[in-house]
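Order of appearance sets the numbers: ligands from 1, and atoms from 1 within every ligand. Hydrogens, waters and symmetry mates play no part in the numbers below; they use all other heavy atoms, side chains included.
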Amino acid sequence: MRTLIKNIKKLVQVERQPKLRAQGAEMTQMETVKDAYLLVEDGIIKAFGPMGEWRGTADREVDAKGRMVFPSFCDSHTHLVYANSREHEFVDKIRGLSYEEIAKRGGGILNSAKATAAASEDELYDMAQRRLEEVMRIGTGALEIKSGYGLTTESELKLLRVIRRLKENSPLTIKSNFLGAHGIPMEYRGHQEDYVNLVINEMIPKVADEGLADFIDVFCDQGFFTVEDTARILEAGIKYGMKPKIHANEMAVSGGVQVGVKYGAISVDHLEQMGDAEIECLKGTETMPTILPGCAFFLNLPLSPARKMIDAGLPVAMASDYNPGTAPSNNMQLILSMACIRYRLTPEEALNATTLNTAYAMGVSRELGTIAVGKKANFYITKPIPSYEYMPYSYGENKVERVFLNGVEV
Ligand code: NIG
Ligand code: FE
């Protein structure tokens, strides 16, 4: 099956020599083709170029006159499988409670865990499936989904089995992440090493036994898991073939970046609290620093020093953190806008941060993240827009008109 997208006003973010990620000054590089065509064959990008160079035939033609084509967003950090929204805590926060105070008295992640325990696998699946549909329609083509609202062996496995079913049934590219070390259940308060032991000795082997997780994650932060807990959990996960990703430095300069880098984490995420030592430590590593603008916005946290990191030569990725507690928005178009407005990235840098670099942060940048021959045909056609800069500029507006995943319109 050959599909031709023709008369594209601008084909954005094409790569002729694909790279796995963009770092430092490379993040400003973003190639486009004016008045372009894009040819897809059997789900894969086969060719692209100026319309005047198009020769050949296709089974289906789509006219994109006045519209632009972008590679789909990759959202490398989400907690999309959850049972309940948490707007009451949102109101508590407006009234003055902090995220940590809410967590301390059993709200927050534990509130989600209670609701998750009460929901069946099918119920969780149906809710998550509907969320995926929405995400897909606004331009996301790949996402990573974490467990972490279980916090018991049974509930964590339930969440991961839901993610496996989503992987099997959705046209989106999905990676799964085991985040058993997301919160400390009430009954383990005061002896959290027993919970860490449960994660290591019982959860990880069972998760591995069913092949449920691509990644292993720990919330390494003040009031949550320590650097020592994190090191032990990552070592155990690595033994079972799970690649580390870390929640680090959201509440405090936690040592999370350093422990992530030490264990070869594919990404360290959040990074609201970053000192020079953290930036130094990331230089020359394979670890993708990942900023979550939605969480900083929702919790009114300090902004991660994205500009400083890029100017220091680092790559930067930006993902949604879609979850009911700290980032209840699924919208990567909004993340793209925040990257420019709040973090002072240029539109080119912001696009690289939300596509190629997030693809890297979930281990799929060989197959996704840009328009390149041989990559998966995951892209969207915009509504008529005047320029590609309009994408981040017009924040809050949905600019996506049609979506193609694996070359098929969804
Ligand atoms: O990435 N920071 C830790 N975990 C999630 C929030 C979890 C929640 O509050 O439900 C995050 O922000
Ligand atoms: Fe998160």
Note to self: Once ring-ring contact (aromatic ring centres under 6.0 Å, His included) is applied, do any residues pair with F379, and if so which ones, sequence neighbours excluded?
What the structure shows: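 F379 satisfies ring-ring contact (aromatic ring centres under 6.0 Å, His included) with F404 only.
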
Just list the side-chain donor-acceptor pairs under 3.5 Å for residues 212-220, sequence neighbours left out, or say none.
residue : atom : partner : partner atom : Å
D214    : OD2  : K167    : NZ           : 2.8
D214    : OD2  : S176    : N            : 2.8
D214    : OD2  : S176    : OG           : 3.4
D217    : OD1  : H247    : N            : 3.2
D217    : OD1  : H247    : ND1          : 3.2
D217    : OD2  : K146    : NZ           : 3.0
D217    : OD2  : N177    : ND2          : 3.2
D217    : OD2  : H247    : ND1          : 3.3

Check: Within a reach of under 6.0 Å around CG of D276, are more than 12 heavy atoms found that belong to other residues, nucleotides or ligands?
Finding: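 12 or below, so no.
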
Next item on the list: Determine, step by step, whether M242 and V207 satisfy the side chain to side chain contact (heavy atoms under 4.5 Å, CB included) criterion, reporting the C-alpha distance in whole Å, the side-chain angles of both residues, the deciding distance to 0.1 Å, and the verdict.
Entry: CA-CA 10 Å; M242 302 169 199; V207 169; 3.8 Å; yes

Note to self: Has S254 got a side-chain atom pairing as donor or acceptor with A248's backbone, closer than 3.5 angstrom?
What the structure shows: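 No, S254 side chain to A248 backbone: no donor-acceptor pair under 3.5 Å.
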
Next item on the list: Would you check if there is a donor-acceptor pair between the side chains of S85 and E87 at a distance under 3.5 Å?
Entry: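 Yes, side-chain donor-acceptor contact under 3.5 Å.
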
Next item on the list: Examine the side chains of S98 and E100 and answer whether a donor and an acceptor come within less than 3.5 Å of each other.
Entry: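 Distance-only check fails for S98 and E100.
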
Next item on the list: Return the orientation label for the H182 and Y149 ring planes: parallel under 30°, perpendicular over 60°, tilted otherwise.
Entry: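 Answer is tilted, since the angle falls between 30° and 60°.
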
Margin query: If the test is side-chain hydrogen bond (donor to acceptor under 3.5 Å, both in side chains), which one of K10, E348, Q13 qualifies with Y388?
Written below: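 It is E348, the one option of K10, E348, Q13 that forms the side-chain hydrogen bond (donor to acceptor under 3.5 Å, both in side chains) with Y388.
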
One pair per line, please: each N/O atom of ligand 1 matched with every protein N/O atom under 3.5 Å away, atom names first, then the distance to 0.1 Å.
residue  : atom   : partner : partner atom : Å
ligand 1 : 1 (O)  : H79     : NE2          : 3.3
ligand 1 : 1 (O)  : H247    : NE2          : 3.0
ligand 1 : 1 (O)  : H270    : NE2          : 2.9
ligand 1 : 1 (O)  : D321    : OD1          : 2.8
ligand 1 : 1 (O)  : D321    : OD2          : 3.0
ligand 1 : 2 (N)  : E250    : OE1          : 2.6
ligand 1 : 4 (N)  : H182    : NE2          : 2.7
ligand 1 : 9 (O)  : R86     : NH2          : 2.8
ligand 1 : 9 (O)  : Y99     : OH           : 2.4
ligand 1 : 10 (O) : R86     : NH1          : 2.8
ligand 1 : 10 (O) : R86     : NH2          : 3.2
ligand 1 : 10 (O) : Y149    : OH           : 2.6
ligand 1 : 12 (O) : H270    : NE2          : 3.4
ligand 1 : 12 (O) : D321    : OD2          : 2.9
ligand 1 : 12 (O) : T326    : OG1          : 2.6

Notebook entry, point to check: Ignoring waters, how many protein N/O/S atoms are under 2.8 Å from the Fe ion (ligand 2)?
Noted result: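 Counting protein N, O and S atoms closer than 2.8 Å to the Fe ion (ligand 2) gives 4.
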
